[in-house]
There are 2 protein chains.
Amino acid sequence: MNPDNNAVPELTPDAEAVCCSAENEALVREILERVADRWTLLVIDAFEDERTMRFSRLQDRVSGISQKMLTKTLRQLERDGLVHRTVHPTVPPRVEYTITPLGLGLAEALCGVWKWAAANIDAVHAARREFDQKNRREAA
Amino acid sequence: MNPDNNAVPELTPDAEAVCCSAENEALVREILERVADRWTLLVIDAFEDERTMRFSRLQDRVSGISQKMLTKTLRQLERDGLVHRTVHPTVPPRVEYTITPLGLGLAEALCGVWKWAAANIDAVHAARREFDQKNRREAA
DNA sequence: CCGCATCCTGTCGGATACTG
DNA sequence: CAGTATCCGACAGGATGCGG
């Protein structure tokens with residue numbers, strides 16, 4: 001697939017067994033649907049460098065997100081136990097979000113996607129250009 | 001980053017360099033945003049068992065998806081070079097979608113998320129219950 | 001069987017203004 | 001600074017019907 005193999009390491013036999021059983025499909029679906037919105041993945045991603053951050057710092061790192069969506073996304077992550085929220089009752093208020101071990105596990109899993117993206121974005125762009133050209137020819 | 005290594009195998013030094021460099025952030029973002037909609041991940045997931053399928057089979061496997069969204073999602077995947085589309089000019093028409101090596105790479109990367117989900121869904125559910133209870137107390 | 005076009009709706013999500 | 005509330009536009013996405 002990709003000449004340099006290191007992007008996706010070999011699966012252990014055990015891992016494969018887990019990976020392809022059909023029973024858990026509904027569970028995985030649930031997680032995927034929960035996580036597959038415009039911001040959740042990006043927010044989780046933001047925690048890979050700093051494991052604990054203030055609200056404003058997060059908003060800064062996930063560029064483009066509104067405070068409304070950041071709040072909402074963080075609430076969901078908190079509810080799912082992926083992020084922990086600490087309010088320091090000072091003035092001005094200071095709220096820190098920390099990624100939990102659970103969340104960190106997901107972040108690691110996402111790191112695989114991260115790596116794939118970094119390694120293959122050029123191929124994707126190339127495919128895209130080719131596709132668009134082909135379509136323009138057909139349109140003509 | 002993680003004390004227990006077993007979830008994600010050791011990264012080669014090379015891979016780590018790719019994984020955490022800040023430069024590629026925009027690229028990864030682009031991919032994540034492209035892929036993080038309601039259906040794309042689920043469709044890719046559907047290809048993990050069978051690498052080539054007819055349209056109707058796909059619609060069957062990704063339960064709940066409308067033909068409109070399936071078509072749209074597949075077009076995007078095709079454009080990005082993740083899926084290949086073959087039209088057999090028979091009657092009735094027979095259209096087959098095959099995941100490409102590129103797409104397969106992404107599917108593998110997603111497999112990490114898959115595994116995480118299967119392993120930790122209980123923890124997520126538990127966290128969710130706890131969170132909801134806490135909120136109900138506060139509401140009272 | 002596949003998938004396009006049309007219509008229509010709910011919801012996502014941004015902008016703004018206001019509290020503690 | 002962090003969060004809520006309100007308003008509102010845009011668009012995702014379902015239902016239906018037609019066409020190849």
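Throughout, protein chains are lettered first and strands after them, A, B, ... in sequence-line order, and every chain is numbered starting at 1.
Between A:Y97 and A:F55, the closest heavy-atom pair is CE1-CD1, 4.0 Å. For B:A36 against A:L41, the heavy-atom pair with the smallest separation is CB-CD1, 3.8 Å. Closest non-hydrogen pair, B:T40 versus B:D37, comes out as OG1-OD2, 2.6 Å. When every heavy atom of B:C111 is checked against every heavy atom of B:E48, the shortest pair comes out as SG-OE1, 4.1 Å.
The distance from atom CE of A:M53 to atom C1' of D:dA2 is 15 Å, rounded to the nearest whole Å. To the nearest angstrom, C1' of C:dT11 lies 13 Å from CD of A:Q76. As a whole-Å value, the separation of A:I65 CD1 from C:dC12 P is 14 Å. Between the CG atom of A:L70 and the C1' atom of C:dG14 there is a distance of 14 Å, rounded to whole Å. Put simply, CG on B:N135 is 11 Å from P on D:dT4, counting in whole angstrom units. Distance A:L58 CG to D:dG3 P: 10 Å, rounded to the nearest Å. Remark: C1' of C:dG13 and CG of A:L42 are 14 Å apart, rounded to the nearest angstrom. As a whole-Å value, the separation of A:H88 NE2 from D:dG3 P is 13 Å.
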Using atom names, set out every protein N or O paired with an N or O of nucleotides 2-7 of chain C below 3.5 Å, distance rounded to 0.1 Å.
residue: C:dC2; atom: OP1; partner: B:R54; partner atom: NE; Å: 3.1
residue: C:dC2; atom: OP1; partner: B:R54; partner atom: NH2; Å: 3.3
residue: C:dC2; atom: OP2; partner: B:S56; partner atom: N; Å: 3.1
residue: C:dC2; atom: OP2; partner: B:S56; partner atom: OG; Å: 2.9
residue: C:dG3; atom: OP1; partner: B:R85; partner atom: NE; Å: 2.9
residue: C:dG3; atom: OP1; partner: B:R85; partner atom: NH2; Å: 2.5
residue: C:dG3; atom: OP1; partner: B:Y97; partner atom: OH; Å: 3.1
residue: C:dG3; atom: OP2; partner: B:Y97; partner atom: OH; Å: 3.1
residue: C:dC4; atom: OP1; partner: B:R75; partner atom: NH2; Å: 3.1

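Residues that satisfy the salt bridge (charged side-chain N to carboxylate O under 4.0 Å, His left out) test with B:E130, not counting sequence neighbours, are absent from this structure. A:R85 pairs by the salt bridge (charged side-chain N to carboxylate O under 4.0 Å, His left out) definition with nothing, not counting sequence neighbours.
For the atom pair B:W116 CH2 and B:L110 CG, the distance stands at 14.0 Å (nearest 0.5 Å). The distance from atom CG of B:D45 to atom CH2 of B:W39, rounded to the nearest 0.5 Å, is 12.5 Å.
Residues A:L58 and A:L70 meet the side-chain proximity criterion, which asks for heavy atoms closer than 4.5 Å.
If one axis is set at each end of the helix from C:dC1-D:dG20 to C:dG20-D:dC1 from five pairs, those axes are 40° apart, to 10°.
A:F131 and B:L106 fall into different hydrophobic clusters, where Ile, Leu, Val, Met, Phe, Trp and Tyr are joined by side-chain heavy atoms under 4.5 Å apart, directly or via other members.
Each side chain to side chain donor-acceptor pair (under 3.5 Å) pair with one or both residues in residues 53-65 of chain B, not counting sequence neighbours, appears once here: B:D49-B:R61, B:E50-B:R57.
If you check residues 31-39 of chain B against DNA chain D, the residues with a heavy atom closer than 4.0 Å are B:R38, B:W39, listed by number.
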